[in-house]
Protein chains: 2
Amino acid sequence: MSTAEETAGAEAQPWGEVTPDAARRLLLAAVEAFAERGYHATTTRDIAGRAGMSPAALYIHYKTKEELLHRISRIGHEKALDILRTAARAEGSPTRRLAEAVSSFVRWHAGGRTTARVVQYELDSLGPDARAEIIALRRLVDAEVRGIIEEGVRSGEFDVPDVRGTTLAVLSLCIDVARWFNVNGSRTPEEVGALYADLVLRMVGAERTDAARAE
Amino acid sequence: MSTAEETAGAEAQPWGEVTPDAARRLLLAAVEAFAERGYHATTTRDIAGRAGMSPAALYIHYKTKEELLHRISRIGHEKALDILRTAARAEGSPTRRLAEAVSSFVRWHAGGRTTARVVQYELDSLGPDARAEIIALRRLVDAEVRGIIEEGVRSGEFDVPDVRGTTLAVLSLCIDVARWFNVNGSRTPEEVGALYADLVLRMVGAERTDAARAE
DNA sequence: GGCAAGGGTGAGCGATCGCTTAGGAGCGGT
DNA sequence: ACCGCTCCTAAGCGATCGCTCACCCTTGCC
């Protein structure tokens, strides 16, 4: 039954670090199921079935169903943070770095929508300890974007009266891509990324040269 | 029992139109529970308990648990559409009407976050028929905002290369307020509405006079 | 071969789910 | 009093949930 390639192509391999092969297949199955139906509506039998295993096999690699969500959420947030850090600490003006940060962040949410949906929208299905850990990661994500904006304000490139509020809005805009993307395939992740980068530069009052717009 | 028949004009209470009193209490309890835990994680016993009734009482007024969600979602979307229509069809320039539309839409999502969360994020817990009905309402919401933007482009007030994409982004920005608002009470719905109206005017390239920015 | 160890399965446990059924309290009309 | 009607509850049905347990199969090392 197993086809050679399932859900191939657009999605990168962020799960390469999950070491036992069966554990990775279970995790990938859980990501699909959680994204389709939501955490609470997904059964452990469904996850195991997608991975081609019996329901009991899940509990060899994971203590509970919640541990699966926790692992997915942590790895996903680390990946998102890594994407933003790469863009934020690159060479170039704040304008260019903000455009690249938004563009790549949006591409990740659109292209890896399956993963991003779970990561961004199933947060409060976690227990208190796990949720606190994830929230700490989110604060780092916020700080990264805010840093670029503050730098642009200092250099005079940006005109932003409310830095914290604008940061929140920029992140909110990017994250929500995971909710609506792919309802119809009329836009590619790259197109949405370019559009959103332009919109965000407008939001911060930056000069949008063709170089920055073309990305 | 109802002394007065409330016609469609009652704006103060969103659930005023739910006619049997017990049915309204159940609906309100369901909104709270769905917003806190999500649809699938909420039990019918929990809903009935919050309304001070036995689990069976729910099925006197609603056929299934899903019907509760359907009713909440439809009423909520109609309210959201009404808010946007009021702003879109008011007097004034596209700039002013867009600012008012965003501002009031955001205020609704922030102030009525409990309701808005259910309305905006539990959509695909509905069955196919109910979901199709809600999606139709969403298209009307989208058309309302797009209409203002198109008008602003025609009049030369706005500079928007991608009207459909920008409309999507504006709505996405507003809707996502329901996800993050109230995590800390440092901002009032009015403040967020004003901030977002300003950000959206920037996104469409409008002249932001103090008159449009204020209020 | 012997044999421990770890990855896997079939069956099922206790709990809980959405929902149903049988019945009753209150109440106005006649 | 009796009826019919609305609103509600106690009890519980069948199904399904997360998770466990007893056991099996493969693998590598001696």
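Lettering follows sequence order; numbering is per chain, from 1. This structure is a prediction, so every number in the text was calculated from the model and none was measured.
- The pair B:Arg89-B:Glu144 meets the salt-bridge criterion, with a side-chain N (NZ, NE, NH1 or NH2) lying under 4.0 Å from an Asp/Glu carboxylate O.
- To the nearest angstrom, P of C:dC19 lies 10 Å from CD of B:Glu67.
- If you measure from atom OH of B:Tyr62 to atom P of D:dC8, you get 11 Å, rounded to the nearest angstrom.
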Summarise how protein sits on nucleotides 3-9 of chain C as a single string, 5' to 3': B when a protein heavy atom is under 4.0 Å from the base, S for sugar-phosphate-only contact, - for no contact. -----BB
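- The C1' atoms of five pairs define one axis at each end of the helix from C:dG1-D:dC30 to C:dT30-D:dA1, and these two axes lie 10° apart (to 10°).
- Between the C1' atom of C:dG18 and the CG atom of B:Leu69 lies a distance of 15 Å, rounded to the nearest Å.
- A:Thr44 has no side-chain polar atom (N or O) that falls below the 4.0 Å cut-off from OP1 or OP2 of D:dC19.
- Atom OH in B:Tyr59 sits about 7 Å away from atom P in C:dT20, given to the nearest Å.
- Put simply, the side chain of B:Thr115 does not reach to within 4.5 Å of the side chain of B:Lys79, judged on heavy atoms.
- Distance from the side chain of B:Arg45 is smallest to C:dC19 among D:dT20, D:dC17, C:dC19.
- Residues A:Ala178 and A:Ala116 approach most closely at CB-CB, 3.8 Å, considering heavy atoms.
- Taking atom CG of B:Leu58 as the reference point, atom C1' of C:dC19 lies 10 Å away to the nearest angstrom.
- Here the side chain of B:Arg131 pairs a donor or acceptor atom with the backbone of B:Leu126 at under 3.5 angstrom.
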